[in-house]
Amino acid sequence: MNNYSIIKVGHEYVVQADEKSILKVASWRRAAKLVTDAAELLDSQPAPQAPLQAKPEPSIDRDPRVMPDPSEVS
């Protein structure tokens, strides 16, 4: 989320990220500080890596999607 904004609602300030309200505080300065801190934390962390997919073990089970041949069924 790169798009942060601070809007005033009544006597409070709402921090939004990508147009979603995520935090409500009483001070504009506090809201601005929190946005700055959050952006710095996000920038300092490496991008998450996708977990490696384990290769499926070979199976002798019947594939449930395959219909058996009626002539083979007793």
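For reference, positions follow the sequence shown, starting with 1. Computed from a predicted structure; not experimentally measured.
- Distance NZ/Lys33 to OG/Ser27: 12.5 Å, rounded to 0.5 Å.
- You'll find the side chain of Gln16 reaches within 4.5 Å of the side chain of Ile7, heavy atoms only.
- Residues Tyr13 and Ala31 share a closest heavy-atom pair of CB-CB, 4.4 Å.
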Inset, instruction - List the steps and the verdict of side-chain contact (heavy atoms from CB on, under 4.5 Å) for Val14 and Leu23. - result: CA-CA 6 Å; Val14 177; Leu23 183 65; over 6 Å; no

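- Here the CD1 atom belonging to Ile6 is positioned 5.5 Å from the CH2 atom belonging to Trp28, to the nearest 0.5 angstrom.
- At a threshold of 4.5 Å between side-chain heavy atoms, the hydrophobic network of Ile, Leu, Val, Met, Phe, Trp and Tyr places Leu42 and Leu34 in one connected group.
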